[in-house]
Amino acid sequence: MRIRIVDAFTDRPFSGNPAGVLLLHDADAFPDDTWLQNVALEVNHAETAFAHPLPEGGEADWALRWFTPATEVAMCGHATLATAHVLNTTGAHEGPVRFATRSGVLAATPAEDGSVTLDFPTAPLTQTDPPDGLAESLGTEPLAVLDTGPNLGDLVVEVADEKTVRGLAPDLKALAAHSERGVIATARADAPDGDYDFVSRCFFPNAGIDEDPVTGSAHTALAPFWSERLGSPRLTGLQASPRSGRVRTELRGDRTLLSGRAVTVIEGELLA
């Protein structure tokens with residue numbers, strides 16, 4: 001099997017969010033979960049995506065699963081973008097592709113400029129009181145806290161400003177107690193007329209990821225959050241991690257479109 005490392009939500013190598021991608025062309029079903037988890041641990045990126053083709057005529061074209069080094073997750077944006085990029089650039093699948101996943105059927109549509117647009121379910125946001133100890137573990141007082149529902153299992157935490165987001169140095173062990181997956185810290189961009197509208201950083205200690213570089217799934221919550229506040233369905237988010245990356249979002253009711261580019265940086269053969 002060919003294994004690839006793809007940097008997603010970027011047009012430059014060594015930026016954005018890296019994901020492992022394995023296309024299981026001859027598989028009628030996924031291999032044993034233990035093997036999948038071991039491969040993801042060996043790759044040791046935030047996510048490794050495994051996909052195999054489905055019979056023609058069904059509601060989806062490929063089955064897709066995502067594993068962190070520690071666990072399987074219900075939704076991942078950047079590894080889905082990476083998988084669609086590999087399918088399109090290798091000729092394994094041409095045009096729009098539908099993935100059967102734990103979060104339902106997710107579509108990915110490539111564009112002529114090399115970008116890919118993902119069609120994901122919008123996260124249902126519910127405002128909630130800050131859990132005890134959240135401010136101390138995050139390192140700043142929250143302005144608002146919202147639960148993202150079962151698909152993500154995160155808290156969206158609005159903080160004072162972009163400078164605060166960039167300067168966060170949370171106590172990750174303490175932060176893990178506050179949500180199922182992690183915490184999405186966000187603020188409005190300091191320059192409202194710049195090339196991005198809001199910033200975020202994502203801390204997922206319960207998924208074995210201290211800080212995720214660029215998180216597509218988080219933007220299914222950030223899109224409705226900021227679209228309401230900024231009065232526009234189309235926005236661009238900057239994830240201000242050390243690798244950094246941009247996600248273009250378009251809110252369409254219960255669906256959110258996430259757009260970005262990807263670059264394959266490593267291709268090799270998996271022997272195990």
Side-chain angles (χ1 to χ4, degrees), residues 1-25 39-51 62 64-69 73 75-97 99 106 108-118 120 165-166 189 194-196 198-204 207-219 222 236-249 257-272:
M1 286 175 289
R2 304 301 291 172
I3 184 168
R4 297 168 175 86
I5 306 298
V6 178
D7 290 344
F9 291 114
T10 183
D11 59 1
R12 297 177 291 110
F14 315 122
S15 60
N17 201 349
V21 178
L22 276 82
L23 302 183
L24 309 169
H25 289 282
V39 172
L41 179 58
E42 189 79 5
V43 172
N44 203 32
H45 283 312
E47 307 284 350
T48 298
F50 302 89
W62 288 72
L64 178 62
R65 295 171 71 180
W66 313 277
F67 286 77
T68 77
V73 296
M75 181 186 293
C76 179
H78 86 276
T80 305
L81 175 62
T83 305
H85 168 79
V86 169
L87 288 170
N88 187 51
T89 56
T90 63
H93 186 97
E94 296 183 356
V97 57
F99 296 111
L106 306 177
T109 303
E112 290 186 0
D113 65 359
S115 66
V116 175
T117 296
L118 309 177
F120 272 38
V165 172
R166 292 180 178 274
D195 59 358
Y196 56 91
F198 59 89
V199 296
S200 65
R201 289 174 67 192
C202 294
F203 306 101
F204 301 139
I209 306 166
D210 289 347
E211 180 171 2
D212 198 35
V214 192
T215 314
S217 61
H219 285 75
L222 292 167
T236 298
L238 171 71
Q239 197 151 327
S241 69
R243 289 178 63 101
S244 190
R246 283 172 168 77
V247 183
R248 300 192 307 275
T249 67
L257 303 185
L258 311 171
S259 299
R261 299 174 68 97
V263 181
T264 301
V265 293
I266 296 174
E267 181 176 349
E269 187 175 356
L270 181 66
L271 301 177

Kindly indicate, with the supporting measurements, whether the criterion salt bridge (Lys or Arg N to Asp or Glu O under 4.0 Å) is fulfilled by Asp212 and Arg201.
CA-CA 8 Å; Asp212 198 35; Arg201 289 174 67 192; over 6 Å; no
Working for side-chain contact (heavy atoms from CB on, under 4.5 Å), residues His93 and Asn88
CA-CA 6 Å; His93 186 97; Asn88 187 51; over 6 Å; no
Stepwise side-chain contact (heavy atoms from CB on, under 4.5 Å) check, His85 with Thr264
CA-CA 8 Å; His85 168 79; Thr264 301; 3.1 Å; yes
Might you work through the salt bridge (Lys or Arg N to Asp or Glu O under 4.0 Å) test for Asp7 and Arg243, ending with a clear yes or no?
CA-CA 10 Å; Asp7 290 344; Arg243 289 178 63 101; 3.2 Å; yes
From CA spacing to verdict: side-chain contact (heavy atoms from CB on, under 4.5 Å), Phe50, Thr83
CA-CA 8 Å; Phe50 302 89; Thr83 305; over 6 Å; no
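Side-chain contact check for Glu47 versus Val73: some heavy-atom pair is nearer than 4.5 Å. For the pair Thr90 and Arg4, the minimum side-chain heavy-atom distance is below 4.5 Å. Thr249 has its side chain within reach of Val247: a pair of non-hydrogen atoms, C-beta onward, lies under 4.5 Å apart. Between Ser115 and Pro110, the closest side-chain pair of non-hydrogen atoms is not below 4.5 Å. Residues Leu238 and Phe198 are not in side-chain contact: their nearest non-hydrogen atoms beyond the backbone lie 4.5 Å or more apart. Side-chain contact check for Leu64 versus Leu106: every heavy-atom pair is 4.5 Å or farther apart. Contact annotation: the side chain of Val6 never approaches that of Val265 to less than 4.5 Å [non-hydrogen atoms, C-beta and beyond]. With a 4.5 Å cut-off on side-chain heavy atoms, Leu118 and Leu257 do not count as touching.
The local environment of CZ in Arg2 is crowded, with over 12 non-hydrogen atoms from other residues, nucleotides or ligands closer than 6.0 Å. Crowding of Glu267 atom CD: a count of heavy atoms from other residues, nucleotides or ligands under 6.0 Å exceeding 12. Around the CD atom of Glu94, the shell of radius 6.0 Å holds no more than 12 heavy atoms that belong to other residues, nucleotides or ligands.
Contact record, Gly77 with Phe9: C-CE1, 4.2 Å, taken as the closest heavy-atom pair. The two residues Gly260 and Leu81 have their closest heavy-atom pair at O-CD1, 3.8 Å. Between Gly16 and Pro213 the shortest heavy-atom distance is O-CB, 3.4 Å. Contact record, Ala84 with Ala108: CB-CB, 3.7 Å, taken as the closest heavy-atom pair. The two atoms that bring Trp66 and Thr80 nearest to each other are NE1-OG1, 3.1 Å, heavy atoms only. For Leu41 against Pro69, the heavy-atom pair with the smallest separation is CD1-O, 3.7 Å.
In this structure, Ile209 CD1 and Thr215 OG1 are separated by 7.5 Å, a value rounded to the nearest 0.5 Å. Atom CH2 of Trp62 is separated from atom CG of Leu23 by 5.0 Å, given to the nearest 0.5 angstrom. The CG atom of Leu258 sits 13.0 Å away from the NE2 atom of His78 when rounded to the nearest 0.5 Å. Residue His219 holds its NE2 atom at 5.5 Å from CD of Gln239, rounded to the nearest 0.5 Å. From Ser241, atom OG reaches atom CG of Asn17 across 7.5 Å, with rounding to the nearest 0.5 Å.
Of the residues listed (Asp195, Asp11, Thr236), the one engaging Arg246 in a side-chain hydrogen bond (donor to acceptor under 3.5 Å, both in side chains) is Asp195, and it is the only one.
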